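Given the structure is predicted, the values throughout are model-derived calculations rather than measurements.
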Amino acid sequence: MGFISVLSCAHQWIAARLHSGDYAIDATLGTGSDALFLAQTVGAKGHIYGFDIQEEAIRLSSAKLNNAANMNKLAPFSLFCCSHADMKEIIPTDKHGQIGAVMFNLGYLPVEHADHSVITETTSTITALTAALELLRPKGILTVVLYPGHQGGDEEATSVSKWASQLPTDVGQAVIYRQLQRETAPYLIAIEKK
């Protein structure tokens, strides 16, 4: 039996901390897989907010959520076609400090016909990560899957790793899950807020 994937690890760590009725954010919707996972985890009493700069990601995510089995058991959702860097301004102020989990899956939209030159950018990602920490409740979790193997992804991964390693311990605890023998393998950083 091998180790689980970085995405499965992120899901396990989040599932252990999210509760029914929580609020959660998918900061990079992509195809909607993480949004669906979050909607299933928090259930019908929770709420999911999702962000992506590409209309195609909004369409794919909305379809995945709307066509899910047992949709009546899923959290309602609000999807926004804008940068994850704008999440703090968009999330209602009464939810600030109340978010149970924020997921980031960086890189590009992983569908064949998508423009893979459209990627998450270091500056907006660091802004979004900082905002996400402020939005989390105590013991809330932030996960970031990084992809150093594509152009631009290595710079972003290095910057995010540096950002996480410099977080004061009174703000949160940062951990990493990574295959050490492959320098370009995707890896996971998770932060649990104090």
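- I25 and I14 are assigned to two separate hydrophobic clusters, defined by single-linkage of ILVMFWY side chains at heavy-atom distances under 4.5 Å.
- In this structure, I126 CD1 and S159 OG are separated by 6.0 Å, a value rounded to the nearest 0.5 Å.
- Annotation for S124 and S83: closest pair CB-OG, 3.9 Å, computed over non-hydrogen atoms.
- Proximity of a side-chain donor or acceptor of S61 to a complementary backbone N or O of I58 within less than 3.5 Å is not detected.
- The shortest non-hydrogen separation linking T28 to H84 is CG2-ND1, 3.5 Å.
- More than 12 heavy atoms of other residues, nucleotides or ligands sit less than 6.0 Å from atom CZ of F104.
- Interatomic distance, T143 OG1 to W13 CH2, rounded to the nearest 0.5 Å: 9.0 Å.
- Between G50 and L29, the shortest heavy-atom contact is C-CD1, 3.6 Å.
- Both V102 and V160 are part of a single hydrophobic cluster, where members link through side-chain heavy atoms under 4.5 Å apart.
- Applying the 6.0 Å contact sphere to CD of Q179 captures more than 12 heavy atoms from other residues, nucleotides or ligands.
- Residues satisfying the side chain to side chain contact (heavy atoms under 4.5 Å, CB included) criterion with P168, sequence neighbours excluded, are D170, V171.
- Nearest heavy-atom pair across P148 and D154 is O-CB, 3.5 Å.
- How far CZ of R178 is from CG of L146: 8.5 Å, rounded to the nearest 0.5 Å.
- The side chain to side chain contact (heavy atoms under 4.5 Å, CB included) check on A44 picks up nothing, with sequence neighbours excluded.
- The neighbour count for E134 CD, taken as heavy atoms of other residues, nucleotides or ligands under 6.0 Å away, is above 12.
- A side-chain N or O of Y147 and one of N105 form a donor-acceptor pair less than 3.5 Å apart.
- For E89, the CD atom is densely surrounded, since the number of other residues' heavy atoms within 6.0 Å is greater than 12.
- Aromatic ring orientation, H11 versus F37: parallel (interplanar angle below 30°, classes split at 30° and 60°).
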Would you tabulate the side-chain donor-acceptor contacts of residues 186-194 under 3.5 Å, counting partners in other chains and residues two or more places apart, or write 'none'?
unit_1 : atom_1 : unit_2 : atom_2 : d
Y187   : OH     : A157   : O      : 3.2
Y187   : OH     : S161   : OG     : 2.6
E192   : OE2    : R17    : NE     : 2.9
K193   : NZ     : L133   : O      : 2.8
K193   : NZ     : L136   : O      : 2.9

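- Side-chain contact between H19 and V42 is absent, with no heavy atoms from C-beta onward closer than 4.5 Å.
- Scanning for side chain to side chain contact (heavy atoms under 4.5 Å, CB included) contacts around K45 gives an empty result, with sequence neighbours left out.
- Atom CD of residue E55 and atom CG of residue D52 lie 9.5 Å apart, to the nearest 0.5 angstrom.
- Applying the salt bridge (Lys or Arg N to Asp or Glu O under 4.0 Å) rule to pairs touching residues 19-39 yields D22-R137, sequence neighbours excluded.
- Tracing side-chain contacts under 4.5 Å through hydrophobic residues (I, L, V, M, F, W, Y), one reaches I91 starting from L142; they form part of the same cluster.
- Centroid-to-centroid, the aromatic rings of F77 and H47 stay 6.0 Å apart or farther.
- For the pair D86 (side chain) and C82 (backbone), a donor-acceptor distance under 3.5 Å is absent.
- Relative orientation of the F80 and F51 rings is parallel, given thresholds of 30° and 60° on the angle between their planes.
- Looking at heavy atoms from C-beta onward, H150 lies in side-chain contact with Y108 at the 4.5 angstrom threshold.
- Proximity of a side-chain donor or acceptor of S20 to a complementary backbone N or O of G43 within less than 3.5 Å is not detected.
- Residues T41 and A15 share a closest heavy-atom pair of CG2-CA, 4.3 Å.
- For the atom pair L74 CG and L36 CG, the distance stands at 6.0 Å (nearest 0.5 Å).
- Across all non-hydrogen atoms, the minimal contact from S5 to Y177 is O-CE2, 4.1 Å.
- Residues L7 and V145 meet the side-chain proximity criterion, which asks for heavy atoms closer than 4.5 Å.
- Cluster annotation: L79 and L38 are assigned to the same hydrophobic cluster (Ile/Leu/Val/Met/Phe/Trp/Tyr, side-chain heavy-atom contacts under 4.5 Å, transitive).
- By the neighbour-count criterion of 12 heavy atoms within 6.0 Å, atom NZ of K139 is sparsely surrounded, having that number or fewer from other residues, nucleotides or ligands.
- Atom NE2 of residue H96 and atom NZ of residue K88 lie 7.0 Å apart, to the nearest 0.5 angstrom.
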Enumerate, atom names and distances included, each donor-acceptor pair closer than 3.5 Å involving a side-chain atom of residues 109-122, sequence neighbours excluded.
unit_1 : atom_1 : unit_2 : atom_2 : d
H113   : NE2    : E56    : OE2    : 2.9
D115   : OD1    : S117   : N      : 2.9
D115   : OD1    : S117   : OG     : 2.5
D115   : OD2    : S117   : OG     : 3.2
H116   : NE2    : L109   : O      : 3.3
H116   : NE2    : V111   : O      : 3.0
T120   : OG1    : G107   : N      : 3.0
T120   : OG1    : E156   : OE1    : 2.8
T120   : OG1    : E156   : OE2    : 3.0

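- Residues I48 and M103 are members of one and the same hydrophobic cluster, defined by side-chain heavy-atom contacts under 4.5 angstrom among Ile, Leu, Val, Met, Phe, Trp and Tyr.
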